[in-house]
Colleague: 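Before anything else, here's the structure in question.
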Amino acid sequence: MMRDWSSVRADGKLPLAFGLAWVGTLLWFVAWHSLIAADSPAESDAERPEPSLAEAARRWFVLGVGVHDALPRRSEDHPLLLRHFRSVTPENGLKPAAVQPLEGQWHFAVPDAFVAFAQRHGLQVVGHCLVWAKDDRTPAWFYPPGQSPADRQQLFQRLSNHIRTVVSRYRGQMAEWDVVNEALDDGTNALRPSGWSRLCGTDFIAWAFRWAHEFDPNAMLVYNDYRNELPGKREACFRLLRDLREQGVPVHAVGLQGHYEVDEVPYDELERTFEGLRAMGLRAVVSELDLDMVPRSRWWADGGRHREELARWNPYPEGLPAAMLDRQARQYARLFRLFRRYADVIERVSFWNLHDGQSWLNEFPWRRVNHPLLFDRAGKPKPAFYAVLEVLNEP
Ligand code: GLA
């Protein structure tokens with residue numbers, strides 16, 4: 001019998017059947033899509049299939065990274081960060097100029113949120129730093145111009161108050177504190193000339209460590225500096241540490257910032273430094289690692305004569321050529337092979353910034369597109385990532 005479509009239509013059954021079919025299809029479609037959406041972590045896993053670097057490093061040392069203070073709000077950074085790192089250092093938020101820019105004016109909202117985020121995600125935190133021993137990095141109120149050594153008592157009081165307030169606030173929540181940053185001279189003096197060394201000699205370092213220890217006895221306390229694996233500054237660093245330890249000062253580790261330049265990684269000097277630290281029974285941390293691919297040191301050479309030329313030098317705006325990616329990978333691999341050999345000395349290795357797009361070396365000391373880290377601007381692992389991973393996984 002012929003179906004009378006017109007009558008079916010007329011009595012509304014066909015539209016009803018069609019309607020039901022459409023709704024069914026729609027529901028199925030929605031369900032299927034939400035299934036895919038529910039599966040999206042797995043999908044992004046598939047997009048980011050690389051193994052965790054921190055996991056591979058775990059049997060050697062803690063792997064960390066210095067990141068933007070606003071980390072808790074930067075959700076786009078979280079997947080990469082949480083996958084590959086177990087320790088975080090807030091880039092600026094705990095420096096004296098950020099925490100107490102004027103005497104008695106405290107700014108804790110940003111570091112509080114940072115530390116809370118780290119705790120929620122099981123990350124260690126490095127407190128950086130209690131003293132940055134440079135005039136231009138110390139809030140001016142610590143030692144107003146014109147102060148003489150006779151005023152050192154006042155400076156000590158300000159320092160102890162700063163350390164007590166900051167360290168006790170995070171007592172038990174910091175794995176480490178960079179107690180003093182960059183106090184050593186780059187020239188022939190033992191200490192960098194500054195209000196700190198002028199008013200207090202090395203005593204400000206000794207007391208900073210004592211107070212930090214008093215207010216958080218479980219934190220590992222670090223003296224942090226740059227180029228302190230090179231002869232000269234290394235000897236000064238060792239002398240300082242020996243002297244502190246003879247006075248019974250609780251200093252536990254030396255931070256080697258590790259801001260290296262391509263083709264200039266000081267492997268042998270690093271090795272000597274780790275040997276020396278091991279002999280002294282001190283720990284090492286590599287605290288701010290990166291490998292500048294548009295090297296910066298000529299900026300300071302020859303009285304600054306090359307600056308105009310360098311300010312225009314931007315050789316890799318579109319990315320590193322394959323040969324340079326490979327060179328970077330080999331140099332990072334050699335570095336991590338060395339770190340592995342001194343894993344009994346090294347507590348932690350932290351990169352400085354999460355990926356190439358966030359590196360301070362895009363701006364310092366002149367603006368250029370730089371590529372110093374293991375992840376590119378999209379957060380994708382570079383050949384250096386796989387080279388380091390392989391070294392960490394070698395039996
Ligand atoms: C030094 C400091 C860091 C950071 C870098 C540059 O190494 O210790 O806190 O400021 O310079 O970003």
Side-chain angles (χ1 to χ4, degrees), residues 64-71 74 77 85 87-101 107 110-111 114-115 125-139 162 166 174-186 191-192 194 196 205 208 212 220-230 233-234 237 240 251 253-261 264-266 270 273 284-297 299-300 348-373:
V65 63
V67 284
H68 199 285
D69 304 316
L71 170 68
R74 293 166 63 115
D77 288 346
F85 301 99
S87 162
V88 280
T89 308
E91 218 176 337
N92 293 304
L94 280 169
K95 290 172 176 169
V99 167
Q100 198 187 182
H107 295 265
V110 169
F114 190 98
V115 172
V125 187
V126 181
H128 172 81
C129 50
L130 296 171
V131 178
W132 194 349
K134 284 175 142 175
D135 285 339
D136 61 348
R137 303 300 188 168
T138 302
H162 183 81
V166 178
M174 295 291 180
E176 303 170 32
W177 272 105
D178 284 342
V179 178
V180 177
N181 195 29
E182 302 183 349
L184 293 167
D185 190 32
D186 291 315
L191 293 186
R192 170 194 304 286
S194 74
W196 293 104
I205 303 176
M220 186 173 97
L221 302 184
V222 183
Y223 173 77
N224 195 49
D225 216 320
Y226 62 89
R227 295 168 73 85
N228 50 338
E229 66 278 83
L230 300 185
K233 206 162 174 180
R234 177 180 60 227
C237 186
L240 172 70
V251 49
V254 171
L256 310 166
Q257 290 185 359
H259 293 298
Y260 301 125
E261 292 177 287
E264 299 289 339
V265 182
L270 267 169
T273 306
V285 297
V286 180
S287 54
E288 307 180 14
L289 181 61
D290 43 32
L291 192 55
D292 192 343
M293 300 306 284
V294 189
R296 62 193 178 279
S297 52
W299 186 262
W300 293 276
R348 167 176 60 92
V349 176
S350 287
F351 288 86
W352 202 246
N353 305 126
L354 194 54
H355 64 65
D356 284 345
Q358 296 182 358
S359 170
W360 68 300
L361 294 170
N362 292 299
E363 309 289 335
F364 180 85
W366 74 93
R367 183 168 283 202
R368 62 212 189 277
V369 180
N370 217 327
H371 312 268
L373 298 164

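Order of appearance sets the numbers: ligands from 1, and atoms from 1 within every ligand. These numbers come from the heavy atoms of this one structure, side chains and all, not from hydrogens, waters or symmetry mates. Source: prediction; values computed, not measured.
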Colleague: Look at atom 12 (O) of ligand 1 and find which of Trp132, Trp352, Phe364 reaches it with the closest heavy atom.
Modeller: Trp352
Colleague: Write out the residue and atom name of the closest protein heavy atom to atom 11 (O) of ligand 1, then the distance separating them to 0.1 Å.
Modeller: Glu288 OE1, 4.0 Å
Colleague: Any side-chain donor-acceptor pair under 3.5 Å between Ser359 and Asn370?
Modeller: no
Colleague: Which residue holds the protein heavy atom closest to atom 6 (C) of ligand 1, what is that atom called, and what is the gap in Å?
Modeller: Trp360 CE3, 3.2 Å
Colleague: Compute whether any side-chain donor of one residue and acceptor of the other, for Arg192 and Ser194, lie under 3.5 angstrom apart.
Modeller: no
Colleague: Is the shortest heavy-atom distance from the side chain of Val126 to the side chain of Ser87 under 4.5 Å?
Modeller: yes
Colleague: Distance under 4.0 Å to a non-hydrogen atom of His259: what atoms of ligand 1 satisfy this?
Modeller: 7 (O)
Colleague: Side-chain contact test, heavy atoms from C-beta onward, threshold under 4.5 Å: evaluate it for Arg296 versus His259 and give yes or no.
Modeller: yes
Colleague: May I ask you to check if ligand 1 and Asn92 share an N or O to N or O distance below 3.5 Å?
Modeller: no
Colleague: Taking the side chain as every heavy atom from C-beta outward, state whether His107 and Gln100 have any atom pair closer than 4.5 Å.
Modeller: no
Colleague: Would you call Val65 and Leu373 a side-chain contact if the rule is heavy atoms closer than 4.5 Å?
Modeller: no
Colleague: Report the nearest protein non-hydrogen atom to atom 10 (O) of ligand 1: residue, atom name, distance rounded to 0.1 Å.
Modeller: Lys95 NZ, 2.9 Å
Colleague: Mark up the atoms of ligand 1 that fall under 4.0 Å of a heavy atom belonging to Gln257, in ascending order.
Modeller: 1 (C), 7 (O), 8 (O)
Colleague: I need the nearest protein heavy-atom contact for atom 9 (O) of ligand 1: residue, atom name and distance, please.
Modeller: His128 NE2, 2.6 Å
Colleague: May I ask you to list the atoms of ligand 1 that are less than 4.0 angstrom from any heavy atom of Glu182?
Modeller: 1 (C), 7 (O), 8 (O)
Colleague: Between Glu261 and Ser297, is there a donor-acceptor pair closer than 3.5 Å when you use the side chain of the first and the backbone of the second?
Modeller: yes
Colleague: Out of all atoms in ligand 1, which are within 4.0 Å of some heavy atom of Asn181? Include the element for each.
Modeller: 2 (C), 8 (O)
Colleague: Which label fits Trp300 and Phe364: parallel for a plane angle under 30°, tilted from 30 to 60°, or perpendicular past 60°?
Modeller: tilted
Colleague: Test your reading of the structure: does Asn224 have an N or O sitting under 3.5 Å from an N or O of ligand 1?
Modeller: no
